[in-house]
Amino acid sequence: MILNDEYYMRIALNEAKEAFFKGEIPIGAVIVANNQIIAKTHNLTENLNDVTAHAEMQAITAAANAIGGKYLKNCTLYLTVEPCQMCAGALYWSQISKIVVGTKDNKRGFETMGGQLHPKTEIIYGVLEQECKSLMLDFFQNKR
């Protein structure tokens with residue numbers, strides 16, 4: 001088993017699929033430190049009636065609890081869809097080292113909305129992009 005970006009993104013994609021089946025916008029998140037998954041979750045805004053219960057927010061909290069501190073230095077977030085401005089702000093304050101994104105969100109993604117990440121955070125786009133994008137398109141087609 002090769003522990004690379006695609007491997008961890010597949011786990012995030014499985015989380016996104018779980019969200020899909022719960023009627024949540026299908027976004028999954030996994031945070032890894034030292035090749036160990038320390039957080040794995042998905043959107044829960046509908047189930048929790050909480051507009052802040054995005055996958056990223058849930059993952060940040062779980063990861064901080066796992067490592068016993070609020071800063072996620074030396075951690076990587078695998079996220080099926082580009083974070084929104086709110087989540088980018090939280091990721092900024094977490095000082096996460098790296099974010100790997102499946103697909104961009106050209107309507108509500110943090111870059112489109114003028115948000116920013118911590119200057120030391122590396123971001124990579126396009127890992128399993130088609131699969132991540134297709135899941136989002138399927139979800140919204142079913143809603144219409």
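On a predicted model such as this, the values are computed, not experimentally measured, just so you know.
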Task: Member of V100, T103, V101 meeting the side-chain contact (heavy atoms from CB on, under 4.5 Å) criterion with V127 - done: V100
[X] [atom1]: over 12 foreign heavy atoms closer than 6.0 Å:
{"X": "N34", "atom1": "CG", "answer": "no"}
{"X": "Y125", "atom1": "OH", "answer": "yes"}
{"X": "K133", "atom1": "NZ", "answer": "no"}

TODO: Please round to the nearest 0.5 Å and tell me the distance separating atom CG of L77 and atom OG of S94.
DONE: 8.5 Å
Task: Worked check of side chain to side chain donor-acceptor pair (under 3.5 Å) between T52 and D50 - done: CA-CA 5 Å; T52 68; D50 180 354; 2.6 Å; yes
Task: From CA spacing to verdict: salt bridge (Lys or Arg N to Asp or Glu O under 4.0 Å), K104, E129 - done: CA-CA 8 Å; K104 283 194 160 261; E129 182 175 13; over 6 Å; no
Apart from [X] itself, residues in the same hydrophobic cluster as defined by side-chain heavy atoms under 4.5 Å:
{"X": "M86", "value": "M57"}
{"X": "Y92", "value": "W93"}
{"X": "L48", "value": "L44"}

TODO: Give every residue pair that meets the ring pair (Phe, Tyr, Trp, His ring centres under 6.0 Å) criterion with at least one member in residues 18-44, sequence neighbours excluded.
DONE: F20-F139
Task: Residue list, ring pair (Phe, Tyr, Trp, His ring centres under 6.0 Å) with F110, at least two apart or on another chain - done: none
Open item on the list: Show me the pairs that pass salt bridge (charged side-chain N to carboxylate O under 4.0 Å, His left out) and involve residues 59-82, at least two apart or across chains.
Closed with: none
